[in-house]
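Remarks on the structure that follows.
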2 protein chains.
Amino acid sequence: MHVNELDTPALVVDLDLLEGNIGRMSEYCAAHGLSLRPHIKTHKMPPVAKMQTGAGARGITVAKVGEAEVMAGAGLDDILVAYPVWGGAPLKRLAELACKARVTVAADSLEVAAAVAQAARAAGARIGLLSEFDAGMRRCGVQTIEDLVRLSLEMSRLSGAEFLGFLFYPGHVREPLEAQAAELERIDAQLREAQDRLYRSGVAVGVVSGGSTPTAMHSHAMKTLTEIRPGTYVFNDMNTVTIGAAPVARCALSVHVTVVSLAVRGRAVVDGGSKTFSGDLLRGGAGRGYGYCLEHPALTLEALTEEHGHVSLEGSAASLRIGQRLRFIPNHVCTAVNMHDEVWVVRGSEVMDRWPVEARGRIR
Amino acid sequence: MHVNELDTPALVVDLDLLEGNIGRMSEYCAAHGLSLRPHIKTHKMPPVAKMQTGAGARGITVAKVGEAEVMAGAGLDDILVAYPVWGGAPLKRLAELACKARVTVAADSLEVAAAVAQAARAAGARIGLLSEFDAGMRRCGVQTIEDLVRLSLEMSRLSGAEFLGFLFYPGHVREPLEAQAAELERIDAQLREAQDRLYRSGVAVGVVSGGSTPTAMHSHAMKTLTEIRPGTYVFNDMNTVTIGAAPVARCALSVHVTVVSLAVRGRAVVDGGSKTFSGDLLRGGAGRGYGYCLEHPALTLEALTEEHGHVSLEGSAASLRIGQRLRFIPNHVCTAVNMHDEVWVVRGSEVMDRWPVEARGRIR
């Protein structure tokens, strides 16, 4: 089937670009001796996770236990839950999973770490633990080296769990290359100090897990780092492009829509809105719309209501007709994919497959 | 089961409040001789649609053919697709649906109307048509009375279809009561003129369909109006509250979350982010956060990342602990529900039922 025979709105993944993105990240990690543990939040699809591990990724990262269950069910057997798991039922499910797959959890409190260890003991399982450090994003993670050392020591004493090392997420690092390297080196020095102190206390820090898509290719600036967890790089999006981490030509997922109304002068309405693209603005680029039109870059997807995309024709010579198809690269591909039950997979213009977004909605 | 035994994040619907909201809108419409045709985009759940028709709604409104299919499958038999349906497969499915249920489509172009009529003829079905007028929102709808009359006349000549009347969506009307009434009267005068002109051409306008949640209770200001299509009123949300259309005490759906991190001073992290609440800002209230905390109104849900809600503790005396549950009224309940596969239904604090969000993801 030709891609233009798909009903719209539809998410379409270009397999050649996807393979290229996966391959480049694997090569970078291999060249620098880093483990790659991609975050599956971006795609939530077992076939993509398997392509990633097939290309050399050591395992995967998830946010929620439900996502881990989907991935383990598809054969992924080394899973980091980079999220403070809480609640009797999720902890029990996590421990059951740890009987079948290698499971690690990141936590920034003894409450969460102890609850994870207790669930592991109850299930006769063993769960790895990472202590989370806030490198500057101010979301999760302990704030000081002292707290990181203290939490890590406490974790190392929990039976049922195995303290493995540190986790941080450099989500605040979005500057150009030179500034990035300086910030990564600052984080590196802090983690090195915590690592040294723990070593002197007899606790080994075998894992230092970091890495986002924007910083991924500068990870070698950090000597303590052992693995990175980029997510968005599989598809890329306009956030990635805007920050300079990938060109539009490496955006592997596009939203295919159809013009359904031209009644308002200077505007076209396409059949996808915030329930198709997600309503996420471009990071640091408010006012620049909700996607990049591959056919007519001068068109602006200026507003989204739930099922309508409002396209401004101002400044574009494009002459649109009802029924015309357009392709947009979304601002934020992770939240766009999360809107959908399926994506279509193409080579060139030929539809090769349909992949369910199997872990979508697995929020617990 | 007690509601606090639910794993979080979870959407929880208060059945008493839901019944109250549905009852009040039905009573208003009955008192003013208006048909009620609620838009199911807000809930996407057949049990809620059936409560609405059970309380007197004439039928329902949907955006997409897939939503209509789900609702027809559950026994809803009078469905308005308030969206320009396009594409061979969706049109064919629409016409098949029209063999089983009463189906009407709104369109603002002859292209779409003719395609609908052709699909109806091919299936041996009959589909109702409404011509869409842009009352000021500048999204869909013809722009002038002249164009509305012309399109309606063209629609009335299409075999396979039956021209029924006008549709408009007063989504731009968000002012307080007095200004609303004036704007609704302005729209009313335009539609009256179009109706008169068509009458003189021998074409009856039996339906004038309008009405949003903010304007619903002022609909009687429009004499031409025969039906209204509010959606959000079933649950209400902080947008509804902010515009003054309902108090917080009538918000029937809340997002239940758990505090999972307190590592960053002045901040708490809860286990729901933009993939739980949706990232929609408060309309006209940017900077006021992503939801209203029922337990601690002074807490601000100041930022969302995909799976983390960033709660600011500044200005609140609340002392939170890890594992503590909080309930938030979301900014935009339609997009919040659309994130989820299910909601939990309570009377008081007792969980009575689990409803799948069955039409979620039916975007074509």
Side-chain angles (χ1 to χ4, degrees), chain A residues 7-10 41 63-64 83-90 107-109 111-112 115 132 134 138-143 147 171 258-265 267 269 271-272 274-276 278-281 303 305-308 310 321-323 334-335 338-342 360-361 363-364, chain B residues 7-10 41 63-64 83-90 107-109 111-112 115 132 134 138-143 147 171 258-265 267 269 271-272 274-276 278-281 303 305-308 310 321-323 334-335 338-342 360-361 363-364:
Chain A
D7 297 328
T8 61
K41 71 181 181 115
K64 300 292 181 109
Y83 201 85
V85 182
W86 190 260
D108 64 8
S109 70
E111 289 96 321
V112 169
E132 182 163 358
D134 175 23
R138 294 181 53 76
R139 184 171 70 180
C140 288
V142 297
Q143 301 290 292
D147 285 343
T258 300
V259 176
V260 291
S261 172
L262 290 166
V264 177
R265 194 178 173 83
R267 175 170 273 187
V269 172
D271 60 354
S274 66
K275 287 177 175 174
T276 294
S278 96
D280 281 13
L281 297 166
T305 46
E306 289 166 52
E307 301 289 5
H308 300 78
H310 305 220
R321 60 176 171 72
I322 286 181
C334 312
T335 52
N338 187 56
M339 294 287 163
H340 295 260
D341 289 338
E342 64 195 358
R360 195 214 65 78
I363 54 173
R364 288 180 286 263
Chain B
D7 297 329
T8 61
K41 69 179 182 118
K64 298 293 181 107
Y83 201 86
V85 182
W86 190 261
D108 64 8
S109 70
E111 289 96 321
V112 169
E132 182 163 358
D134 174 24
R138 294 182 51 78
R139 184 172 71 181
C140 288
V142 297
Q143 301 291 293
D147 285 343
T258 300
V259 175
V260 292
S261 172
L262 289 166
V264 178
R265 193 178 173 83
R267 176 170 273 186
V269 172
D271 60 354
S274 66
K275 286 177 175 173
T276 293
S278 97
D280 281 12
L281 296 167
T305 45
E306 288 164 56
E307 302 289 4
H308 300 78
H310 305 219
R321 60 177 170 72
I322 286 180
C334 312
T335 52
N338 188 56
M339 294 287 164
H340 295 260
D341 289 339
E342 65 195 356
R360 196 214 65 76
I363 54 173
R364 290 180 283 264

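Within every chain, numbering begins at 1; the chains are lettered A, B, ... in the order of the sequence lines, protein sequences first and strands thereafter.
Both the backbone and the side chain of A:D7 come within contact range of chain B, judged by heavy atoms closer than 4.5 Å. Interface remark: A:D147 contributes no atoms to any contact with chain B (heavy atom separation under 4.5 Å). Heavy atoms closer than 4.5 Å to chain A are found in the side chain of B:R267, but not in its backbone. B:A107 does not touch chain A: none of its heavy atoms, backbone or side chain, sits under 4.5 Å away. With a 4.5 Å cut-off on non-hydrogen atoms, B:T8 touches chain A through its backbone but not through its side chain. Within the 4.5 angstrom heavy-atom criterion, atoms from both the backbone and the side chain of B:V260 approach chain A. Contacts between B:E342 and chain A at a heavy-atom distance below 4.5 Å involve the side chain alone, from C-beta outward. The contact between B:A89 and chain A is made by backbone and side chain atoms together, counting heavy-atom distances below 4.5 Å. Within the 4.5 angstrom heavy-atom criterion, atoms from both the backbone and the side chain of A:A10 approach chain B.
For B:E306, the side chain to side chain contact (heavy atoms under 4.5 Å, CB included) test picks out A:K41, A:H332, A:C334, A:T335, B:S274, B:K275, with sequence neighbours left out.
Proximity of a side-chain donor or acceptor of B:H340 to a complementary backbone N or O of A:G361 within less than 3.5 Å is not detected. With B:R321 contributing its side chain and B:V259 its backbone, the two residues share no donor-acceptor pair below 3.5 Å.
For the pair A:K64/B:P9, a side-chain contact is recorded, criterion being any heavy-atom separation below 4.5 Å from C-beta on.
With respect to the salt-bridge test (charged N to carboxylate O, under 4.0 angstrom), the residues A:E307 and B:R364 do not qualify. Checked for salt-bridge contact, A:D134 and A:R139 miss the test: no charged N lies under 4.0 Å from a carboxylate O.
Contact count versus chain B (heavy atoms, under 4.5 Å) is highest, among A:G141, A:G279, A:A303, for A:G141. Comparing B:R138, B:H310, B:R265, B:M339 by heavy-atom pairs within less than 4.5 Å of chain A, the highest count is held by B:R138. Most heavy-atom pairs under 4.5 Å with chain B, from the set A:C140, A:G272, A:G87, A:G171: that is A:C140. When the candidates A:V264, A:D108, A:D280 are compared by the number of heavy-atom contacts under 4.5 Å with chain B, A:V264 comes out ahead.
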**Request:** For the pair A:R360 and A:D341, evaluate side chain to side chain contact (heavy atoms under 4.5 Å, CB included) and give the outcome as yes or no after the intermediate values.
**Result:** CA-CA 7 Å; A:R360 195 214 65 78; A:D341 289 338; 3.6 Å; yes

**Request:** I would like to know whether B:W86 and A:D271 meet side chain to side chain contact (heavy atoms under 4.5 Å, CB included); could you show each step before the answer?
**Result:** CA-CA 9 Å; B:W86 190 261; A:D271 60 354; over 6 Å; no

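The distance from atom OG of B:S261 to atom CD1 of B:I322, rounded to the nearest 0.5 Å, is 6.0 Å.
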